[in-house]
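Worksheet: one structure, shown below.
Atom set for the values below is all heavy atoms of this structure, side chains included, hydrogens, waters and symmetry mates excluded.
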Amino acid sequence: MNNIKITFPDNSVRSYEAGVTAIDIANSIGPRLAKETIAASINNNLVDAFLPINNDAKIELHTIKSSISHDILLHSTAHLMAQAVKRIWPDCQITIGPVIENRFFYDFDIDITFSDNDLIKIENEMQKIVEENHNVSRTNLSRNEAIKFFKEIGDNYKVEIINDLDPSENLSSYHQGEFVDLCRGPHVPTTGHIKYFKLLSTSGAYWRGDENNKMLQRIYGTAFFSKKELNKYLNFLEESKKRDHRKLGKELSIFSFDDEVGSGLPLWLPNGGVIINELEKLAKETEDRYGYHQVRSPHITKGDLYKKSGHLDLYKESMFPAMDIDGTEYYLKPMNCPHHHKIYNASPKSYRDLPYRIAEYGTCYRYEKSGQLFGLMRVRSMQMNDAHIYCSEKDFKKEFLDVCKMYLEYFDIFGIEKYQMRLSLHDKANLGKKYINQPDLWIKTEDQVRNALEEGGINFTEIPGEAAFYGPKVDVQVWSAIGKEFTLATNQVDFAIPRKFDLSYTDEHGNYKTPLCIHRAPLSTHERFIGFLIEHFGGDFPLWLAPVQIVLLPISDKYLNYANNLKEKFVDRGFRVKLDDRPDKIGAKIRQSEIDRIPLMVVVGEKEEQDNSLSLRRRFIAKQRTFSVDNFILDIQKEIMNRSLPNRES
RNA sequence: GCCUACGUAGCUCAGUGGUAGAGCACUUCCUUGGUAAGGAAGAGGUCGCCGGUUCAAUCCCGGCCGUAGGCUCCA
């Protein structure tokens, strides 16, 4: 037997017999390590821990602690689930079963539809396979062998996948017990490595994501290496449900939907109205500071304008059908840009007028397919925090970065700590289909945006094929306080439409030039942003946004007079205040105020009336404090003016 | 739009082929109580909408509308 040299990450070298596996190597270091080894990188290639190593190599072991291993576990659990499904329903066809963030799914072509009971049945079968503790093995296959093999066992979808793969691709199959799947791997060494898993939900899913294909049945699930992690994740899902803006929005009377109004058409209740007003105040203040003009435009417009803008060619399916008015077609506006272009053009512009920045909380209507409506996050009527900046190429970079700066200011105010800018680019294949057919301008503009972002020191990732039809965009992903992801704002560059609209300005030399146009919507739409805020804050808005800021809680009716005096004082100061004058005990009033998430609970009784003071109970602050009325007012005014975030320390 | 599930009081949910119930909320009365539920009474439903089957439908069947989880698409 010849020996091989294995080099470890710390550069130490050990000698083993050729054919040794990563598990063997782990075992030579310690049995616990061997047990916890899931996969290995051999010369930086991720492989199964159970494969023989025949030559000198660099090795890195991946144990249950690494995120690589977690992905492998999820993938193996998908196989485990597919094996269980095939045992129960032998006629079903397996298709694909990839890993997504913290979860996996597998799509099946099967006659029955999975019920909750079926999920339990499948889980039980999975448990059995785990206990059977099958070794997992890998077989390399040539293309022809693979096609022959999967044809023989009747896995037609696998045959289709192989036929569509690059012929140069190395193929392999994974086996555990009677189950075989076409797969790149790697996988956990045995089915016994999978201990803590849970099937989460079922749904329909088109084969290869194409709505012209057959609808398959998908099962989602998750798995972890420890019970604790699994429970933590399940708990996170539960917490997310509790914070769901649809649930909280109803409980806190922020918005509602009504069958008779129509789906995707939210009604803003008074509490929502307060939040909207505060957001608009913030936006207007900020935009004033950045030199924007506020404008207004109508909700309906003639079709010709949208023909010119390209909407009727490239965006029509997202627009409500035309209405005929005196023989002319009018549309509900899906975007504000054409109107803003017209506002730009309402008077001739010189270079001295640029950058020309116009903003509007414009109401737009989009025909979203019924199946994609989702609470406030996806609606058919929405009010955008929209603005367009018309500038020269020379000013572009500064204007673009100022927009980014504005984003960061907002993030700071709302306590958004995690965010990501995504530069969405065009792809050549869709020029003239999804995208305006001006290849050179696309590339030039994308370079400009990329340069601006790089010079501004802003981190971003690039995503091809996600641009708006008229230009590249920077989408902003944010994560709420509990880590749920949202696509919120967007920031787009339009290089083509200004020309179509004959937008121009006179430069220093008296020549006509076409301006660049930046679209930006840092606060997204009221709908999506407030939906996000509800979940981000879990319904506990900072004082400046809270629909009711102060609730007055008299100990008994005897102190109603004093409470009313305070109320009047607070209203005079512009505070949003409510008086709970029900004949209930203080405990009941406190409870209701807590449920309503009112940040400041002011308790007044005999003592307070005598001292002209108040006793403050604040959400998340255990200790109650007594204030003189004047000091209280000063503190609160300051907190509201600064738009401070909720303080949860005691 | 597609797949699947669901739709009973303001909210959360029971329930049945013979035209409905609970808790909370609401109204009234009693209680005037110091930091997360004091007590009693009352009112409240065309059981999503429209058809069909049946002597009889909230329940069974069909269509529509709405909602949820996904697919696809997006702020």
Q: Would you mind telling me which of B/rG33, B/rA75, B/rA36 lies closest to the side-chain atoms of A/R617?
A: B/rA36
Heavy atoms under 4.0 Å, any strand shown: does [X] hit a base, just sugar-phosphate, or nothing?
X: A/S615; value: base
X: A/Y367; value: sugar-phosphate
X: A/A521; value: nothing
X: A/L488; value: sugar-phosphate

Q: Name the residue closer to the 5' end of RNA chain B, choosing between A/P583 and A/G264 according to the nucleotide with the nearest heavy atom.
A: A/P583
Q) How do A/G262 and A/K369 order along RNA chain B: which one's closest nucleotide is nearer the 5' end? A) A/K369
Taking atom [atom1] in both [N] and [M], what distance in whole Å separates the two?
N: B/rC29; M: B/rU12; atom1: P; answer: 30 Å
N: B/rG15; M: B/rC60; atom1: P; answer: 13 Å
N: B/rC59; M: B/rG52; atom1: C1'; answer: 15 Å

Write out a two-atom table: protein N or O, nucleotide N or O from nucleotides 68-70 of chain B, distance below 3.5 Å.
unit_1: B/rA68; atom_1: OP1; unit_2: A/R246; atom_2: NH1; d: 3.0
unit_1: B/rA68; atom_1: O3'; unit_2: A/R246; atom_2: NH1; d: 3.3
unit_1: B/rG69; atom_1: OP1; unit_2: A/R246; atom_2: NH1; d: 3.3
unit_1: B/rG69; atom_1: OP1; unit_2: A/R246; atom_2: NH2; d: 2.7
unit_1: B/rG69; atom_1: OP2; unit_2: A/R246; atom_2: NH1; d: 3.1
unit_1: B/rG70; atom_1: O3'; unit_2: A/Y220; atom_2: OH; d: 2.8
unit_1: B/rG70; atom_1: O2'; unit_2: A/S203; atom_2: OG; d: 2.3
unit_1: B/rG70; atom_1: O2'; unit_2: A/Y220; atom_2: OH; d: 3.4
unit_1: B/rG70; atom_1: O6; unit_2: A/G371; atom_2: O; d: 3.4

Integer-rounded Å distance: [N] [atom2] and [X] [atom1]:
X: A/D581; N: B/rU28; atom1: CG; atom2: C1'; answer: 15 Å
X: A/E368; N: B/rC73; atom1: CD; atom2: P; answer: 13 Å
X: A/D584; N: B/rG34; atom1: CG; atom2: P; answer: 14 Å
X: A/D557; N: B/rG34; atom1: CG; atom2: P; answer: 14 Å
X: A/R378; N: B/rG1; atom1: CZ; atom2: P; answer: 13 Å

With a 4.5 Å limit on heavy-atom distance, are the side chains of [X] and [Y] in contact?
X: A/M601; Y: A/I586; answer: no
X: A/M81; Y: A/F108; answer: yes
X: A/I416; Y: A/W479; answer: no

Q. Considering the options A/R357, A/K405, A/E399, which one meets the side chain to side chain contact (heavy atoms under 4.5 Å, CB included) requirement together with A/Y290?
A. A/K405
Q. So what's the dot-bracket for RNA chain B: Watson-Crick or G-U pairs under 3.5 Å, [ ] if a pair crosses, | if it pairs off-strand?
A. (((((((..((((....[..)))).(((((.......))))).....(((((..]....))))))))))))....
Using 4.0 Å as the upper bound for N to carboxylate O, is an ion pair formed by [Y] and [X]?
X: A/D210; Y: A/R208; value: no
X: A/E594; Y: A/R617; value: yes
X: A/E251; Y: A/K247; value: yes
X: A/K214; Y: A/E160; value: no

Q: Quick one: list whatever passes ring-ring contact (aromatic ring centres under 6.0 Å, His included) with A/Y559, sequence neighbours left out.
A: none
(Q) Going by ring-ring contact (aromatic ring centres under 6.0 Å, His included), name the residues that satisfy it together with A/Y562, two or more places apart in sequence or in a different chain. (A) none
Quiz item: [X] side-chain donor-acceptor pair to [N] base, under 3.5 Å:
X: A/Q592; N: B/rA25; answer: no
X: A/R528; N: B/rC74; answer: yes
X: A/R366; N: B/rC74; answer: no

Q) Is there a residue in residues 252-260 of chain A whose heavy atoms reach under 4.0 Å of RNA chain B, and which residues are they? A) A/D259
Q) Of all of residues 595-607 of chain A, which get a heavy atom below 4.0 angstrom from RNA chain B, listed by number? A) A/V603, A/G605, A/E606, A/K607
Q.
By the definition side chain to side chain donor-acceptor pair (under 3.5 Å), identify the one residue from A/R243, A/K242, A/K241 that meets it with A/E239.
A. A/K242
Q.
Any side-chain to backbone donor/acceptor pair from A/R520 onto A/Y407? Under 3.5 Å, distance only.
A. no
Q) Does a nitrogen or oxygen in the side chain of A/K473 sit under 4.0 Å from OP1 or OP2 of B/rA75? A) yes
Q) Taking only side-chain nitrogens and oxygens of A/S370, does any of them come within less than 4.0 Å of OP1 or OP2 of B/rG1? A) yes
(Q) Please report whether the ring centroid of A/Y367 lies less than 6.0 Å from that of A/Y331. (A) no
